Structures are given as C-alpha cells and as structure tokens.
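Shown next, in structure tokens, is the structure this report addresses.
Side chains are part of it too, since the values below use all heavy atoms of this structure and drop only hydrogens, waters and symmetry mates. Residue numbers start from 1 in every chain, and the chains themselves are labelled A, B, ... in the order their sequence lines are given, proteins ahead of strands. Remember, predicted model here, so these are calculated numbers, not experimental data.
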There are 2 protein chains.
Amino acid sequence: MSLDRMLTLAGQVNDLLNASSVLSWDARTMMPHGGSATRAKQMATLTVAARDLLCSDEMKRALDGAAGEVQGRADDDPEARMVSQVREAIDYHERIPSELLRRKTELSGIGHDSWAEAREKADFSIFAPALKDIVAVSREMAEAIGYEDHPYDALMYRFEPGTTTKELIPLFARLREGMQPLVDRIAQAEQPRADFITREYPADTQMAFALKMAERVGYDLHRGRLDTTVHPFEISFTRNDVRITTRVNPRYMPMSLFGALHEAGHAMYEQGADPAYVRTPLATDLVGLYAVSGVSFGAHESQSRLWENHVGRSRAFWRNHFGDLQAAYPGTLDDVDAEEFYRAINRSRPSLIRVESDELTYDFHIMLRVEIERRMIDGSLDVDDLPEAWNAEMKRSLGIDVPDDAQGVLQDVHWSSGQIGTFCNYTIGNVMAAQLFETATSEQPGIRDALEAADYGPLKDWLDEHVCRHGRRFTRDELLERATGRALDPEPYLRHLNAKYSEIYGLAA
Amino acid sequence: MSLDRMLTLAGQVNDLLNASSVLSWDARTMMPHGGSATRAKQMATLTVAARDLLCSDEMKRALDGAAGEVQGRADDDPEARMVSQVREAIDYHERIPSELLRRKTELSGIGHDSWAEAREKADFSIFAPALKDIVAVSREMAEAIGYEDHPYDALMYRFEPGTTTKELIPLFARLREGMQPLVDRIAQAEQPRADFITREYPADTQMAFALKMAERVGYDLHRGRLDTTVHPFEISFTRNDVRITTRVNPRYMPMSLFGALHEAGHAMYEQGADPAYVRTPLATDLVGLYAVSGVSFGAHESQSRLWENHVGRSRAFWRNHFGDLQAAYPGTLDDVDAEEFYRAINRSRPSLIRVESDELTYDFHIMLRVEIERRMIDGSLDVDDLPEAWNAEMKRSLGIDVPDDAQGVLQDVHWSSGQIGTFCNYTIGNVMAAQLFETATSEQPGIRDALEAADYGPLKDWLDEHVCRHGRRFTRDELLERATGRALDPEPYLRHLNAKYSEIYGLAA
C-alpha cells in the first residue's frame with residue numbers, strides 16, 4: 001500500500017523529468033529561435049517540481065511505509081532496490097543547501113558567456129575568473145555531498161556513482177602503459193589510404209543510410225526517430241520513445257554514420273529496459289534528476305561505443321555492408337574496396353580536438369581532462385596554470401603542440417556550464433565495452449559467427465539479457481560482476497586496441 | 001510581496017501547462033508510434049501538477065496577500081485582474097469533486113473506442129450507451145460548477161466564459177433568418193468554374209506556398225514553424241514559440257493554403273500578446289488549464305476566421321497574390337485568372353461534413369450541434385433520438401439527406417472524448433471576426449487601402465492594439481465593447497455574407 005503510493009509518486013517524478021527531456025529534445029531539434037527566451041524557465045520548473053515531489057513529506061511517508069513492506073526481501077529484489085534508491089536520492093538532495101544550489105545555477109549561466117568570449121578570442125584569461133568561481137562552488141558542493149577520500153569523488157557521483165579517484169589512478173596508469181606504445185609506433189608507420197572519405201556525399205543520402213544502418217543493428221524505429229543536430233545525442237522519454245540525432249558533413253561521410261551508430265547504441269540500452277520498470281525508480285536517475293534507465297553515464301557509453309566501434313568499425317561489418325554503401329552513393333566509391341574502407345575509418349592520428357579524435361587516441365583527451373579536474377578540485381592545480389598543464393600533457397602523450405587556448409583548454413563546453421566530474425564516463429565506457437564484448441563473444445562463439453553473417457540479433461540479445469533489461473536495478477559494478485565475473489578491467493580493451501591497430505598498421509606484436 | 005509570490009507560483013503553473021502543450025505538439029507531429037503508451041500519462045501528470053499548484057495552500061496564502069496589495073486599484077488594472085482570475089480559477093476547480101473529475105476522465109477514455117467502432121460501422125446504437133453516460137456525467141459537472149439559467153451554460157464556461165443559452169438562442173435565430181435565404185437562393189444559382197482547384201499540386205510546393213502566405217500576412221517565423229498533420233492546429237508555448245500545422249491533399253490545394261492562413265490567424269493572436277504578460281495569469285487559462293493568451297475559444301476563432309476569410313478569401317488578396325500562386329505551380333494555372341480563382345475558392349454548396357463545409361454553410365453545422373448538445377444536457381432530447389433530430393435538421397436547413405450515421409451524427413470526435421459545450425466557439429468566432437473587421441476598416445479606411453496594396457501591417461496593428469496585446473486582461477465582451485463599442489452583434493457578419501455571396505452568385509439585393 002505504501003509501496004504503491006511511493007511508486008505512484010515516483011511515476012509522477014518520472015513523468016516530470018521525461019517531460020523536461022521532451023522540452024530539451026525539442027529545443028535542440030525543432031524550436032524556433034525565439035522560443036529560447038522562455039524554454040529554460042519551463043525546463044527549470046519541471047526539474048524543481050520533480051525534486052520537490054521527490055523530497056516531499058508525502059513521498060517520505062510513503063517511503064517509510066514501503067521500507068517496512070519490502071523488509072526481508074532479497075537485497076537485489078527490484079522493489080527493494082526502488083525503495084533504497086528513493087531513500088538515497090532524497091538523502092543526496094537534502095545534503096545540498098538550496099542556497100548553494102541557487103549559486104551554482106546562477107554561476108552556470110554567467111560562466112557560459114565568458115567562456116564563449118574567451119574561446120572566440122582564444123584567450124583563457126577571460127574565462128579564468130568565472131572558472132575560479134565554478135571550481136570554488138564545486139568544492140562547496142563536494143563538501144556538502146560528502147566523500148571518503150577525495151572531493152572529486154563527490155562530484156563524479158552524480159554521473160558515475162561509486163567511481164573514485166583511488167580507482168581511476170591505477171586504471172589510467174594501466175591504459176597509458178598499454179596505449180602509449182601503440183600511439184608512438186603508429187606515428188612512425190604509413191597511414192592507410194583515405195582520400196575517398198572526403199568526397200561529396202549528399203546530406204539526405206547520408207541521413208537515410210545512417211538510419212538504415214542504425215535500424216539494421218537493432219534500433220527500433222517504432223519507438224524512435226533520427227534527426228539532424230550540430231551535436232549528436234540520444235534522449236529518451238521512457239523506453240517507448242527513444243530518439244537519436246546525428247550530424248552531417250557533406251564532405252566527411254563517417255561523421256553521420258558513426259554518429260548514428262553511436263547514438264543507436266545508447267538508444268538500444270534504453271529501448272532494452274524491462275517494460276515492468278517503466279516510470280519506476282529503476283528507469284529514473286533520481287540523483288541526477290534525469291529520466292534514464294541506464295545505470296551510469298559510463299555504462300551508457302559502453303553500449304554506444306560497443307555498437308559504434310566493436311561492431312560498426314569492424315572488418316566483418318564492412319565486408320557485409322560496403323556493398324550497401326556503394327549502392328547508396330552510386331559512382332562515388334567504385335575505386336575502393338571493403339578492406340580499404342575498413343582501414344580508412346580506423347586510421348589513428350593524434351589530433352587537437354577531443355570530439356574529432358579516433359578510437360585509440362580518444363582516451364588521452366579524456367584522461368587529461370579528468371586529471372586536470374581532479375587537481376583543480378583538490379587545489380593542487382591553480383586555475384591560472386591550467387593552459388600550461390594542458391599543453392604540456394598534449395605534447396607529452398600525443399606529441400602535439402597546442403597552437404592556442406581555443407584549440408586547447410577552451411574547446412569543451414562542460415566547465416562553463418558548471419559540470420565538473422563527468423569526463424571519466426567516456427573512458428569507463430570504452431573499457432566496459434571491450435570487457436562486455438570480449439565476454440559475450442567468448443561465452444557464446446555463435447555471436448561472432450552471427451556478426452560475420454550480418455546477424456546482430458545474438459549480440460543484441462546477450463546485451464539485453466546482461467545489461468539493458470536491468471535498467472538501474474544493479475550498480476555498474478554489480479552489472480559487470482554478473483555479466484563478466486569481475487569488476488572494471490582494462491585488459492580486454494588493451495587487447496582489442498593492440499590486436500586491431502597492430503594488424504592495420506602492420507606492427508610486430 | 002505576496003503578489004510577487006503569487007506571480008512566481010502562477011509562472012510555474014504556466015510553465016507546467018506550456019510543457020504539456022509541447023508534449024501535445026510533439027505527440028501530434030513528431031512522436032514515434034510507440035511513444036503513445038506513456039505520453040498520455042506524462043501529460044496528465046503535468047496538468048494535475050498545475051492544478052495542484054494552483055489550488056495549493058501556498059498559492060491561496062499568496063493570493064490573499066496579493067488581494068490586499070491590489071486593493072483600490074482600477075477594476076481593469078492588469079495586476080488586479082491577475083489576482084481576480086487566480087481566485088476565480090481556484091473557486092472553479094474546487095467546486096468539482098475529484099471523484100467526479102476522475103469518473104469524467106475515465107469515461108472519456110471509454111467513449112472513444114465505442115465511438116470509433118460506431119463510426120466505422122455507421123451504427124449510432126454502438127456509441128449510444130457511452131454517450132448516455134457522458135451526458136449524465138456532464139450534467140453532474142454542470143450541477144457542480146453551477147449556473148443561473150441553464151446547465152449547458154456551466155459547460156460552455158470552460159470554453160466561452162460568460163456565454164449563455166439565453167444569449168445564443170436569439171443570436172442563432174437571427175443568423176438563420178439572415179443566412180437561410182442566401183443558402184436557398186444559391187441552391188438555384190449557377191456554380192462558378194472550379195475544375196482547376198483539383199489539379200495536381202505537389203505537396204512540398206503546397207507547404208512552401210502556405211508558409212510563404214502565412215508569413216506574408218504577419219506570422220512571425222522567428223517565433224513559429226509550420227508542420228503537416230492530419231488535423232491542422234495552432235499551439236503556443238508562450239508568445240515566443242507559437243506553432244501551426246496544416247494538411248496537404250495533392251489533389252485539393254485550398255486545404256493546405258487556407259488551413260495555414262486560419263492557423264496563422266490563431267498564431268498571430270498569441271504572438272501579439274503583451275510581452276509583459278508572459279508566464280502570468282493573463283497568458284494562462286487557469287480554468288481550462290491551458291497555457292493560452294487568447295481570452296476565449298470564440299475570440300481565438302475570430303482571429304483565425306478573420307485572416308482566413310476576410311483577408312485570405314478576399315478578391316483583393318487574390319488580385320495581389322494570384323501571380324505568386326501561378327509562379328509557384330508553373331503551367332498549372334495558365335488557363336485561370338485571379339477573378340476565377342477568387343470565385344472558385346468561395347463556392348458555397350451544402351455538404352454533409354462540417355470540416356469540409358464553406359464559409360456560408362459552416363454555421364448551420366455548428367448551430368445544429370449546439371442545439372443538440374443543449375437539449376441533451378437539459379433532457380429535452382433523448383440520446384436515442386439524436387440521429388433522427390440530426391438528420392431532420394440537415395434536411396430542413398441545408399436540404400441534405402444524411403445517408404448514414406457516420407456521415408451524420410458520428411462525424412465529430414468531441415462528444416466521445418467527453419467534450420460538450422465547445423461548438424458555439426466557431427460561430428461566435430465568425431460573428432466576432434466580421435464585427436472586428438467592419439469596425440477596423442470603417443474606423444481606419446487606410447486599412448482597406450493597404451489590403452488592396454497587399455500591405456497587411458495596418459490591419460495587423462489594429463488587431464494587435466484592440467485584441468491581441470490584451471491577452472486575457474479583458475473578457476471577450478469587454479474586448480468587443482472596447483474595440484467596437486458594442487457587444488456581440490451578428491449584423492456585420494450577415495452584411496458580409498450577403499454582399500459577398502450576392503455578388504459572386506449574381507443574386508439581386
């Protein structure tokens with residue numbers, strides 16, 4: 001009875017957050033320019049209404065009753081988990097004083113303007129004062145939220161619950177150790193041919209082909225749609241409506257295609273959630289106030305990277321679908337074969353910009369950011385010294401000279417909007433993707449045979465069974481333990497990168 | 001201070017209702033089919049949250065304080081009006097027992113299925129039991145809401161506040177008296193040529209031309225957009241984002257064009273509201289729980305019908321724009337001139353279906369429905385006798401034999417969803433449109449000169465000044481009194497129809 005009441009209220013929280021997501025999707029895809037003046041207020045009202053309902057006396061009463069009703073159930077019983085997650089979220093939100101939340105929100109608005117100006121003028125000093133305030137408020141937030149070892153852990157909690165700096169330091173060290181030699185050796189090797197990647201590919205055809213491939217690997221269009229945006233994203237309004245976007249450059253075709261496969265991977269995570277969890281806390285991030293079934297941003301990224309890289313950038317995929325690609329662009333790829341295409345889309349070259357970097361060098365961009373964030377938060381790196389630290393690390397790891405701050409420390413929007421603590425998700429996602437893919441294909445060799453035959457069903461079934469259907473029932477680490485028998489492990493990822501790039505670049509093992 | 005608080009809360013109510021409107025727009029234009037399973041719940045949560053916030057103790061405290069703060073202000077002071085409208089809306093909602101509201105909502109869901117089946121099988125008896133329940137619940141609602149003379153007045157209040165059956169009976173009698181002779185004489189007259197209306201008009205070109213014309217008369221695309229739907233509509237999310245849709249039949253071009261002009265008229269009402277009223281009660285229908293600036297459904301219809309009929313179907317408009325139309329469809333209209341086109345789009349022929357009827361016969365469809373509703377609600381017409389009453393009136397007024405219930409009493413969706421009391425808006429809109437247009441053009445003869453010269457600015461300015469900018473500050477009748485010096489008056493409408501149709505059909509005056 002109390003549990004029912006708690007779930008009714010949690011369903012309303014989920015509705016409010018999903019509504020906010022619809023408004024967000026609309027603002028990024030459909031909204032006329034003039035709408036921005038009031039849209040932000042509408043979204044803020046929905047989020048605050050969701051938070052207030054979550055932390056209402058009525059919810060607390062229902063929660064207390066529900067806790068009694070699920071007492072004695074197994075720890076991983078779905079309803080017991082719903083109860084504990086509602087309690088955890090209320091505790092989280094009540095630790096943050098509303099005055100602090102208000103200051104943080106206001107700073108986010110201010111930060112964006114000075115960041116935009118700084119980036120335009122390629123002058124970090126314009127953004128530095130705002131960033132100092134943002135770092136100071138983030139520290140206050142960390143103290144309010146609480147942590148065991150490091151204040152940065154409190155900030156990562158909202159995005160990647162349970163992840164600590166203590167865990168990231170050895171993980172990153174091992175990744176560097178395994179990846180740096182590959183990067184260094186590729187720098188000396190001959191690059192594969194890739195001239196055909198930048199030919200003329202009509203935008204409409206790119207969108208149609210990207211959607212066809214997304215549907216081909218398992219994205220359910222009955223519960224989805226694809227649109228064009230400057231920054232690709234996936235967003236869901238329950239598992240029944242999960243949308244993706246991609247971006248199109250008529251002179252660089254891989255962008256739309258792999259953007260769509262990446263976002264389709266995210267979308268299949270949401271579409272694969274247990275229908276019984278719809279509108280429940282197991283389909284709602286009550287801490288982050290975001291209606292999502294995926295259990296962490298890293299876990300989400302594991303699904304997008306798995307479908308983008310382990311499937312979409314595989315040799316088998318292009319052996320099967322290069323003919324489709326040639327047929328989609330008549331005459332454009334007559335002088336190219338599947339093997340050449342496979343190598344071209346897997347070229348690795350150190351680059352300045354994170355969002356344009358390749359599978360192998362991407363994590364260096366991430367590790368750089370995470371470490372800079374961590375040191376800003378614990379005070380061991382002064383904001384004024386940030387460009388120097390950034391540029392030195394880019395030189396050391398990727399051998400690149402950063403020409404100016406716009407192409408360096410000012411390239412990402414995250415900090416300007418007050419977001420500190422989210423970058424680790426990308427690398428955790430890469431590591432998880434390889435770990436899950438390796439387990440799936442070794443546990444069930446039929447999955448690899450099916451992929452060779454362009455049958456994506458068995459892989460999708462395995463992921464649905466071991467990851468997607470659980471929604472937020474298990475933590476990321478529980479999910480990994482249950483699926484692969486162990487916690488986050490960088491070795492499958494390093495094995496994957498080593499095997500793939502050694503072969504493409506003809507490096508001796 | 002209390003007023004500020006009241007406005008903050010009312011702003012949140014407005015945000016929640018605007019969010020619900022975004023979800024509604026999305027559901028009708030963009031949502032994948034699977035999304036419908038959870039979308040209705042999300043919208044219901046937003047509406048209930050808005051109602052609960054409106055009727056919350058916090059709002060009532062703020063309202064009481066605010067009432068003191070605006071005491072002594074002029075009766076039509078905008079803030080005084082905000083206070084009185086919040087009070088009136090709370091009173092309205094608290095009169096309806098939540099148990100009754102729940103029963104009405106449930107019935108609406110049930111009614112739709114039996115109506116759809118009945119319509120498919122052209123058998124009213126399938127829908128009759130559900131309609132009896134809907135009528136019974138509507139009567140209960142009317143008793144709860146309260147009325148002076150007739151229970152139907154209580155139901156119309158949500159759509160057309162202040163309108164009473166006592167006022168509609170003489171209005172309809174006068175309209176019939178004025179319009180019936182025209183209909184009868186046109187039945188004997190020769191019809192203008194119209195073969196070219198049903199030629200092949202590519203859908204894309206229709207959409208582009210409809211949007212161009214909507215923008216041409218004053219629809220601001222910076223705060224708007226046009227999409228395609230089965231049933232055209234206008235919807236706004238504050239005056240900053242006001243969207244329209246139209247429908248396209250490649251073999252019947254006027255549908256998309258006049259649909260767009262009609263909806264653009266609605267949209268210009270919302271876009272023209274005073275920016276100071278954004279997110280206030282003067283831009284929120286707190287009784288109907290709908291974020292809209294227009295003061296009644298009839299007032300809204302006056303703007304859509306004015307731009308559609310008095311401008312878009314005028315001879316001046318096509319003298320100015322027929323060349324644009326010919327250019328948009330090269331070769332299609334070479335054998336037609338502006339005068340022939342003007343006459344073709346103004347043909348009047350009695351027809352079975354309301355939404356397909358012309359300017360002159362449309363109101364007969366409306367008056368029929370209003371009178372049937374009124375008699376169902378006061379019990380003087382039994383639901384079982386409805387088809388007979390419908391068919392007899394169609395024969396009497398328009399000379400039409402109704403072949404079956406699907407093309408008769410079952411054609412509209414309104415009753416099946418529990419909506420009784422909204423049809424009068426259409427005829428009130430037609431009457432108001434003519435009254436406003438006649439006043440505007442006689443007060444400022446320059447408006448007509450400008451229209452002759454394809455300059456829509458002066459007319460739009462007059463309407464903005466006398467209607468749109470006021471939002472919900474004045475009642476519909478106050479608005480009419482201020483703009484035209486008198487209450488709702490059918491004579492300008494009858495003068496308009498007489499002059500127009502006598503001329504087109506060569507009828508002696």
Review point. What part of B/R279 is in contact with chain A, defined as an atom under 4.5 angstrom from a non-hydrogen atom: side chain, backbone, both or neither?
Key: side chain
Contacting moiety of [X], where chain B heavy atoms sit under 4.5 Å:
{"X": "A/M43", "answer": "neither"}
{"X": "A/L221", "answer": "backbone"}
{"X": "A/V278", "answer": "side chain"}
{"X": "A/R39", "answer": "side chain"}

Exercise for review: Nearest 0.5 Å please: distance from the CG atom of A/L54 over to the NZ atom of A/K60.
Suggested key: 9.0 Å
Point to revise | B/E79 side, atom CD; B/R473 side, atom CZ - distance, nearest 0.5 Å | key: 10.5 Å
Consider only side-chain N and O atoms of [X] and [Y], and report whether a donor and an acceptor are under 3.5 Å apart.
{"X": "B/H262", "Y": "B/E234", "result": "no"}
{"X": "B/D227", "Y": "B/T29", "result": "no"}
{"X": "A/R102", "Y": "A/S98", "result": "no"}

Options [options], ranked by heavy-atom pairs under 4.5 Å with chain B, top entry:
{"options": "A/R223, A/Q12, A/R225", "result": "A/R225"}
{"options": "A/D241, A/L46, A/N14, A/L53", "result": "A/D241"}
{"options": "A/L16, A/D26, A/N18", "result": "A/D26"}

Point to revise | Heavy-atom pair count under 4.5 Å with chain A, highest-scoring of B/A19, B/G11, B/A49 | key: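 Heavy-atom pairs under 4.5 Å are most numerous for B/A19.
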Review point. How are the rings of B/H300 and B/H266 set relative to one another: parallel (under 30°), tilted (30 to 60°) or perpendicular (over 60°)?
Key: tilted
Review point. Should the pair A/Y456 and A/W307 be assigned to parallel (<30°), tilted (30 to 60°) or perpendicular (>60°) ring geometry?
Key: perpendicular
